[in-house]
Each structure stands twice: as C-alpha cells, then as structure tokens.
Amino acid sequence: GSDGHAHFMHKEIAEQPDSVRRVLKGRLDERFHTVRLGGLEMDARELREFRRVKILGCGSAYYAGQAGAQFIEEVARIPADAEPASEFRYRNPVIEKDTLYVAVSQSGETYDTLVAVQELKRKGGRVIGLVNAVGSSIARECDGGVYLHAGPEVAVASTKALTNMLVGFALLGLHLGRIRDVSPADGRRLITALQALPEQIERILADEDHLAAVAKDLAQAPSLFFVGRTRGFPVAREGAQKLKEISYRHAEAYQTSELKHGPLALVGPELPTVAIVPDDELLERNLGALQEITARSGPLVVVTHDGVDLGVVPAHVIAVPKSEPELDPLLLTIPLQLLAYHAALTLGHDVDKPRNLAKSVTVE
Ligand code: BG6
C-alpha cells in the first residue's frame with residue numbers, strides 16, 4: 001500500500017532520500033575519487049574509444065536524458081545529446097561505432113525505447129541501459145548498464161525513478177570523465193556533492209506546506225510557462241510535464257533566453273511563469289529576464305538557491321540547497337514534483353492514475 005501516505009506519488013516523493021542512498025551505495029570510490037559501475041561490462045580502454053554519447057528515452061526519462069547529456073558533456077567533455085526514443089526509431093538514424101548509446105527507462109518495458117535498442121543492436125551499435133526494473137526487457141537487451149535501485153514506482157508520474165536517473169547519469173558521466181581528463185580533485189568535489197544529496201533532499205521535502213500554498217495559487221491559472229536555461233532547461237521541461245500529466249493544466253517549457261524571441265508576447269497578469277534560476281554563472285542574465293516578465297505584470301514563481309537576492313522582483317520564492325553546479329538540476333527538480341502534486345490535489349484529480357496515461361506504454 002501507500003504506507004500512510006494519501007497517494008503513491010506522495011510516498012515515492014518522500015522516499016527519495018533513501019532511494020538516492022541506494023543508487024549511490026557501493027559505487028563511490030573515495031580512495032581514487034571515481035565511480036565503480038560493475039554492470040557496465042566495458043573496461044576503461046573500450047570506454048575511452050567513444051567519441052559521442054546518445055541518450056534515448058521517452059517522457060520524463062527523455063528529460064532526465066537531456067539533463068544527463070549536459071552533465072556528461074560538461075564533466076567528461078564528450079559531445080552528448082538526448083532524443084526521444086519514439087522519434088529515433090522511426091527516422092532511420094545513422095548508427096556510429098564510436099557512439100555510446102544509452103537507453104533510459106524506469107519500467108524497462110517502454111515499447112518505443114525497447115524497439116530503439118533492438119534496432120541499434122541490429123545495426124551494430126553499443127548500447128547500455130540506465131534502467132530501474134531489474135531483469136526487464138530493455139535491461140536484458142542492452143550490452144550492460146547501471147541499475148537505478150529506486151525500488152518499485154507505482155504512481156504514473158515518475159518522481160524517485162527520475163531522480164535516480166539523474167544520479168545514474170552523474171555516476172556514468174563522472175566515470176567517463178575520470179578515465180579521461182577529469183582530475184582527482186574534481187572527482188572528489190563531485191563525489192562529496194553526490195553524498196550530500198539525500199540530506200539536501202530532506203530539507204526540500206520539509207518545505208512542503210509552503211510548496212502546497214504556492215501550488216494552490218498556480219492551480220488557478222489555465223496556462224503557465226516554465227522557463228530555464230542550459231542546466232535549468234530540462235528542469236523546466238520536466239516541471240511542465242508533471243503539471244500537464246496530473247493537473248491537466250497547460251504548461252509550456254521554454255529556454256529563458258528564448259522568451260524575448262517570441263513567447264514574451266503572451267506574458268501578462270493571466271499567465272504565470274515558473275522560472276528556474278540557479279545561483280550560477282547565468283544568474284544576472286536570468287534576473288534580467290525576470291524583470292522583463294514583471295514589467296508586463298506576469299506573476300512569477302522563482303525556483304532558486306538559498307541566499308539568492310532577487311532584487312526587487314516580486315515573486316513566490318522557492319529556495320533549495322546549493323549543490324555543485326553540474327548537479328544543481330537534481331535538487332531544483334524536487335520542489336516541482338510537490339508543486340504538481342499539490343496543484344492536482346487542489347483541482348481534485350486522481351494523482352496516481354491520471355486520465356489517458358499508463359505507467360508504462362508497452363504497445364506501439
Ligand atoms: C510514459 C509514462 O508513458 O512513459 C511516463 O506515462 C514515463 O511517466 C514514460 O516517463 C517512460 O517510461 P519508462 O518506464 O520507460 O521510464
């Protein structure tokens with residue numbers, strides 16, 4: 001059952017400190033400041049030959065893949081990108097020998113992702129899985145992989161599995177980086193940040209009453225923007241997706257930098273924006289974009305870091321603990337889960353079983 005929680009989604013959100021501990025368990029090597037991934041079944045020599053990483057998944061797994069691609073490219077300095085598996089399998093893609101393909105899936109049974117893996121294998125591609133369900137079809141089909149150990153996820157909207165996907169990509173990215181040019185000091189910096197995540201997630205979850213109040217407000221709007229840039233953009237996409245899935249509100253994700261190239265025309269008192277504003281090298285630019293929004297009386301919810309001064313920008317502020325910049329997306333995603341959950345509750349929807357959706361889509 002849902003163990004005293006009103007919904008499975010709530011239980012799974014609350015489990016995240018523990019499920020993150022599980023995906024990290026036994027994988028951090030504090031002596032050599034690196035990561036041990038026994039399930040990869042590829043040694044350092046083979047892994048060093050890949051010149052590109054291509055990540056395939058569907059829905060939230062695709063957004064996790066987008067964040068994962070940014071982590072891998074930024075940390076390991078290997079060009080990386082993500083594409084919906086549902087598109088990849090239909091477009092007769094070029095399969096390259098020196099590309100590491102990564103399939104990402106909670107259930108391991110998503111048909112579009114499975115067929116993409118089979119197609120890759122048929123054409124000689126090397127593919128590993130970031131999969132939660134042990135022994136699932138995708139896990140069996142891949143050459144090796146990283147199990148996510150989030151435990152069973154019941155709610156249709158993915159929470160703890162998605163978080164562990166982000167951790168899984170960080171482990172993979174750090175591993176690929178340390179067998180290339182990432183220094184021991186950088187390895188140590190990221191390992192320390194990974195170890196801090198469970199306790200930092202606990203602190204975000206303790207802010208639930210505040211998040212519920214913000215969600216009540218947001219639920220009144222028929223349409224919303226979610227904006228973020230670079231590392232914040234997959235966070236915005238996932239936040240918009242969650243809201244759509246369970247509250248049935250229209251939510252659209254945009255790069256903050258693209259607002260002025262079109263969507264700003266829609267901003268006004270009727271259209272709230274949820275802005276992802278990490279305390280990083282783009283902070284000043286992001287604050288500039290927020291001013292553009294408030295100048296047009298657009299209501300704002302800013303998801304940022306503890307201690308950031310937003311200046312005169314009027315907004316609901318949701319502050320999360322700071323991580324290392326490359327890992328910021330993970331913690332910034334957590335409050336958006338609770339925003340979507342409480343928005344759906346406010347609107348009286350079936351949080352765990354949204355209309356028209358299945359937990360895993362095993363058909364074409
Ligand atoms: C969708 C689910 O159909 O499949 C999403 O509704 C999920 O919640 C997506 O993110 C991918 O599922 P999986 O199991 O491959 O991660």
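Keep in mind that the numbers below use all heavy atoms, side chains included, and drop hydrogens, waters and symmetry copies. Numbering of ligands and ligand atoms starts at 1, following listing order. One-based numbering along the sequence shown. All values reported here derive from a predicted model rather than from experimental measurement.
- Taking any N or O of Thr113, backbone or side chain, none lies under 3.5 Å from an N or O belonging to ligand 1.
- In this structure, of Ser158, Pro84, Ser107, Ser136, the residue bringing a heavy atom nearest to atom 14 (O) of ligand 1 is Ser107.
- Between Glu153 and Ser158, the side chains place a donor N or O and an acceptor N or O closer than 3.5 Å (distance only, hydrogens not considered).
- Side chains of Glu109 and Ser360: no donor on one and acceptor on the other come within 3.5 Å.
- For the 3.5 Å distance criterion, the side chains of Glu208 and His342 qualify, holding a donor opposite an acceptor.
- A tilted orientation is assigned to the rings of His10 and His5, their planes being inclined by 30° to 60°.
- Close approach of ligand 1 to Val361 is summarised as follows: ligand atoms under 4.0 Å from at least one heavy atom of the residue are 3 (O).
- Taking only nitrogen or oxygen atoms, main chain and side chain alike, Thr110 reaches within less than 3.5 Å of ligand 1.
- Using modelled atom types, no side-chain atom of Ser105 and backbone atom of Val131 make a donor-acceptor pair closer than 3.5 Å.
- The shortest N or O to N or O distance between Val156 and ligand 1 is under 3.5 Å.
- Glu109 does not count as a contact of ligand 1, since none of its heavy atoms falls under 4.0 Å from the ligand.
- Every atom of ligand 1 is numbered from 1 in the order shown, and the set under 4.0 Å from a heavy atom of Gln106 is 13 (P), 14 (O), 15 (O), 16 (O).
- For the ligand labelled ligand 1, residue Cys58 lies inside the 4.0 Å heavy-atom shell.
- Ranking the protein heavy atoms by distance from atom 4 (O) of ligand 1 puts Lys359 O, 4.3 Å first.
- With a 4.0 Å cut-off on non-hydrogen atoms, Ala358 touches ligand 1 through its backbone and not its side chain.
- Cation-pi geometry between Arg126 and Tyr101 is not satisfied (NZ or CZ under 6.0 Å from the ring centre, within 45° of the ring normal).
- Looking at Asn164 and His149, their side chains never bring a donor and an acceptor atom within 3.5 Å of each other.
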